[in-house]
Amino acid sequence: MNREFYVDLAANGLRMPIGSDLVLHEEPDPERVRKDGRALGRVVERAARRWATPLAIPLMDLRLEKLDLLAMAGIDEAKAEAFHFSAPMDHMMLGALCGEQTVPLCAGSAARDAAIACISTLPDLVPVGMAIGPFSLATRLMADPITATALAGRGTEAEDSADVKLLWQCLRAAESAVLRSLRSQIERGARAMMICEPAACTAFISPRQLRAGSKIFERVVMDPNLRLKAYLDEMGCDLIFHDCGELIDPMIEAFGWRIHPRVLSLGSSRKLWEDARLIPEDVVLYGNLPSKLFYSDDAMPVEEVARRTEDLVARMKVCGHPHIVGSECDVLFVPDAHEAIWKKVDAMMAGSVAG
């Protein structure tokens, strides 16, 4: 789709959460559906129709690329989530992880792809893919990514530090894994892709180092994501770039002007009406109601969700930047709080084209 498609969605007052997980948990057996492509496709379709959006956004399951990557190293899925490399890999291991997918995708990835294929048969919906970003995946592969990133940010070279060497190895393997994931989803019909880079934030990347001239943000975040964006452009697949981490203004500017996604999705710590001045007018902002707090009536009562929503709508209208009201991240099901969460999603949606 061209950029006007997303700008028009914003102009028409679209509101939508990233809420497929909530709809998934309306199923009698959510875990079975999570691994059943056709059933998962019906969930994603139902979520899109519930909120009257053409964007059929799947589960934000950022574990899948790690599971698929480590399967190539012979690491069982049951052990993969807790697995971390603690020392540099040998050339054979690194080469294997950076090659083609040599083992079947995990059940979750296979179901995700099959669900995309199902959505692609529905002419009024846009099949959206989902992937973790390369740096965020790299941090999940390492026992101590913060130390390694800090050392690299200070200028320590790989030959002088095993931690830094492992960082660059994991980043290379992670980019390859994400590229394989994007290719698989596009082959099944994805026409837009949400890439989630929550680790591209001040928790991992020091603003002080950046102010001193460090190129660490460029090397670990921008370079791999720019290569992925070039691939998506080549394939005619739109980019929705998501980062709900704590950010500084130069990061927002880099995302907007250089990665230049169709949609930029940010966390609730950002003031979107101020961030609008940092990015091009044709990049639609998405978000950013504090959905991570929706489970708690003490931290985020429904009246506060309604107030913040309308305040955000009013401020974005004044600044004039295209904006789609939504959640700061995916809205997850919490067993003892599902009714409270749904009430807050409904409060966010009040007054929308769906309402």
Side-chain angles (χ1 to χ4, degrees), residues 61-110 113 131-187 193 195-200 204-206 209 214-232 234-235:
D61 190 343
L62 304 187
R63 303 170 299 175
L64 300 180
E65 284 80 12
K66 182 179 180 181
L67 297 180
D68 290 332
L69 176 66
L70 293 182
M72 297 171 64
I75 298 169
D76 183 77
E77 183 174 330
K79 300 178 180 179
E81 192 168 353
F83 177 88
H84 300 98
F85 291 101
S86 56
M89 306 174 221
D90 60 34
H91 290 298
M92 183 173 296
M93 171 67 77
L94 182 61
L97 296 183
C98 294
E100 293 301 313
Q101 189 76 30
T102 54
V103 297
L105 296 176
C106 70
S109 293
D113 290 1
I132 192 172
F135 180 57
S136 297
L137 177 53
T139 65
R140 296 183 178 206
L141 294 172
M142 302 179 65
D144 187 6
I146 292 178
T147 296
T149 306
L151 287 171
R154 290 208 300 260
T156 304
E157 298 296 335
E159 56 264 28
D160 299 319
S161 167
D163 288 334
V164 173
K165 182 177 182 179
L166 180 60
L167 171 65
W168 299 128
Q169 288 182 332
C170 286
L171 188 62
R172 180 181 165 194
E175 183 180 346
S176 297
V178 175
L179 181 59
R180 290 192 296 268
S181 177
L182 302 188
R183 184 183 301 127
S184 178
Q185 294 178 72
I186 290 171
E187 287 174 353
M193 191 70 58
I195 293 181
C196 305
E197 268 291 29
F204 288 92
I205 298 168
S206 166
Q209 288 185 345
S214 173
K215 300 299 182 184
I216 188 64
F217 180 73
E218 194 74 21
R219 295 183 69 185
V220 300
V221 177
M222 294 303 296
D223 287 350
N225 278 291
L226 285 169
R227 287 189 288 268
L228 294 179
K229 173 59 160 49
Y231 171 74
L232 292 176
E234 178 185 346
M235 301 305 294

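Each residue takes its place number in the sequence, starting with 1.
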Tell me if a side-chain donor or acceptor on Asp160 pairs with a main-chain N or O of Thr156 at a distance below 3.5 Å. no

Can you tell me how far CG of Leu182 sits from CD of Glu187, rounded to the nearest 0.5 angstrom? 11.0 Å

Considering all heavy atoms of both residues, which atom of Gly133 and which atom of Ile195 are nearest to each other, and what is their separation? CA-CG2, 3.8 Å

Nearest atoms (heavy-atom pairs only) where Ser86 meets Leu166: C-CD2, 4.1 Å

Heavy-atom pair of closest approach, residues Ala110 and Leu105: N-CB, 4.2 Å

Got a second to check how far Ser176's OG is from Gln101's CD, nearest 0.5 Å? 11.0 Å

Tightest non-hydrogen contact, residues Ala138 and Ala174, listed as N-CB, 3.8 Å

Got a second to check how far Leu97's CG is from Met92's CE, nearest 0.5 Å? 12.5 Å

Ser136 backbone acceptor or donor facing Glu197 side chain under 3.5 Å: yes

Side-chain donor/acceptor of Thr139 to backbone N/O of Pro145, under 3.5 Å: no

Checking Gln169 side chain against Met89 main chain: does a donor-acceptor pair fall under 3.5 Å? yes

Using side-chain heavy atoms (C-beta onward) and a distance below 4.5 Å, is Asp68 in contact with Ser181? no

How many angstroms lie between atom OG1 of Thr147 and atom CZ of Phe204, to the nearest 0.5 angstrom? 11.0 Å

Has Gln209 got a side-chain atom pairing as donor or acceptor with Ala150's backbone, closer than 3.5 angstrom? yes

The single option from Lys66, Arg63, Arg140 that satisfies side chain to side chain contact (heavy atoms under 4.5 Å, CB included) with Ile132 is Arg140

State the CG-CG distance between Leu69 and Leu141, to the nearest 0.5 angstrom. 5.5 Å

Tightest non-hydrogen contact, residues Val164 and Ala152, listed as CG2-N, 3.8 Å

So, taking the atom named CG in Asp144 and the one named CZ in Phe85, what distance separates them when rounded to the nearest 0.5 Å? 15.5 Å

Identify the heavy atoms of Ala177 and Leu137 that sit nearest to each other, and give their distance. CB-CD2, 3.9 Å

Between Arg180 and Gly99, is there a donor-acceptor pair closer than 3.5 Å when you use the side chain of the first and the backbone of the second? yes

Close side-chain approach of Phe83 and Asp76, heavy atoms under 4.5 Å: no

Decide yes or no on side chain to side chain donor-acceptor pair (under 3.5 Å) for Asp113 and Ser184, but give the supporting numbers first. CA-CA 7 Å; Asp113 290 1; Ser184 178; 2.3 Å; yes

Should Tyr231 and Ile186 count as side-chain neighbours, where that means a heavy-atom distance under 4.5 Å? yes

Could you check if a side-chain atom of Leu167 sits within less than 4.5 angstrom of a side-chain atom of Leu151, using non-hydrogen atoms only? no

Residue pair Glu159 / Lys165, side-chain heavy-atom distance below 4.5 Å: no

Heavy atoms from other residues, nucleotides or ligands near CD of Glu81 exceed 12 (cutoff 6.0 Å): no

